[in-house]
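For ligands, and for the atoms within them, numbers begin at 1 and follow the listed sequence.
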Amino acid sequence: MAVERTLSIIKPDATERNLTGAIVAKFEESGLRVVASKRIHLTPAQAGQFYAVHAERPFYGELCEFMASAPVVVQVLEGEGAIAKNREVMGATNPADAAPGTIRAEFAKSVGENSVHGSDAPETAAEEIAFFFSGLELVG
Ligand code: CDP
Ligand code: MG
């Protein structure tokens with residue numbers, strides 16, 4: 001399997017509860033390496049642009065408001081099959097369906113406030129990494 005990079009966001013519900021370190025530990029324990037990281041506070045417009053793919057979904061307004069409600073930590077994770085590996089470590093979108101030991105099973109508050117974002121495919125990973133980071137900020 002190829003070495004990949006994927007975009008991760010530690011969401012406001014998790015930064016607010018001081019869970020950044022616990023979540024990064026889950027990534028690192030799984031073999032993923034943090035090659036870029038920054039803490040930022042998105043505006044609602046920036047959150048809306050990032051989640052534009054969901055613009056027609058009923059939860060879009062609430063999602064944008066939530067993502068701008070407190071700081072987030074955006075990171076690039078690198079490793080063998082990093083895109084699928086990160087999704088595995090995150091767990092299912094709805095914490096009620098997330099496998100035991102996953103980030104969402106342990107930390108998510110609800111299907112909306114579910115602690116982490118992760119890219120879902122190579123194309124979206126490349127787009128999402130470029131949304132937040134320049135090449136100079138990726139330090140493998
Ligand atoms: O984040 P993930 O890729 O697992 O799920 P998604 O289907 O791409 O949805 C993006 C985000 O929208 C989720 O992580 C939730 O924060 C939110 N969402 C929601 O609020 N209500 C839903 N029924 C589905 C998703
Ligand atoms: Mg998604």
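- A pairwise comparison of heavy atoms in V24 and V34 identifies CG1-CG2, 4.2 Å as the closest pair.
- Atom 1 (O) of ligand 1 has R104 NH2, 3.0 Å as its closest protein atom, hydrogens excluded (heavy atom only).
- Within the 4.0 Å heavy-atom criterion, neither part of M67 lies near ligand 1.
- Looking only at heavy atoms of the protein, atom 9 (O) of ligand 1 is closest to H54 NE2, 3.6 Å.
- Among V111, N94, T93, the residue whose heavy atom lies nearest to atom 5 (O) of ligand 1 is T93.
- Residue K11 has at least one N or O atom closer than 3.5 Å to an N or O atom of ligand 1.
- Heavy-atom proximity to L63, at under 4.0 Å, picks out these atoms of ligand 1: 12 (O), 16 (O), 17 (C).
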Do T124 and I83 pass the side-chain contact (heavy atoms from CB on, under 4.5 Å) test, and can you show the C-alpha distance, the side-chain angles, and the key distance before you say yes or no? CA-CA 10 Å; T124 48; I83 297 166; over 6 Å; no
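- Here the CG atom belonging to D13 is positioned 4.0 Å from the CZ atom belonging to F66, to the nearest 0.5 angstrom.
- Note: an N/O pair closer than 3.5 Å links G112 and ligand 1 by distance alone.
- Linking Ile, Leu, Val, Met, Phe, Trp and Tyr residues whenever their side-chain heavy atoms come within less than 4.5 Å leaves L32 and V3 in two separate clusters.
- Of all atoms in ligand 1, numbered sequentially from 1 with element shown, those under 4.0 Å from a heavy atom of R87 are 2 (P), 3 (O), 4 (O).
- For atom 22 (C) of ligand 1, the nearest non-hydrogen atom from the set F66, Y60, F59 belongs to F59.
- Contacts with ligand 1 closer than 4.0 Å are made by side-chain heavy atoms of N114 only, the backbone lying farther away.
- The aromatic rings of F132 and F50 sit tilted, their planes meeting at an angle between 30° and 60°.
- Put simply, V74 and L138 are part of the same group of oily side chains (I, L, V, M, F, W, Y) that touch within less than 4.5 Å, one to the next.
- Just one residue in the list R104, K26, K11 forms a side-chain contact (heavy atoms from CB on, under 4.5 Å) with V116, and that residue is R104.
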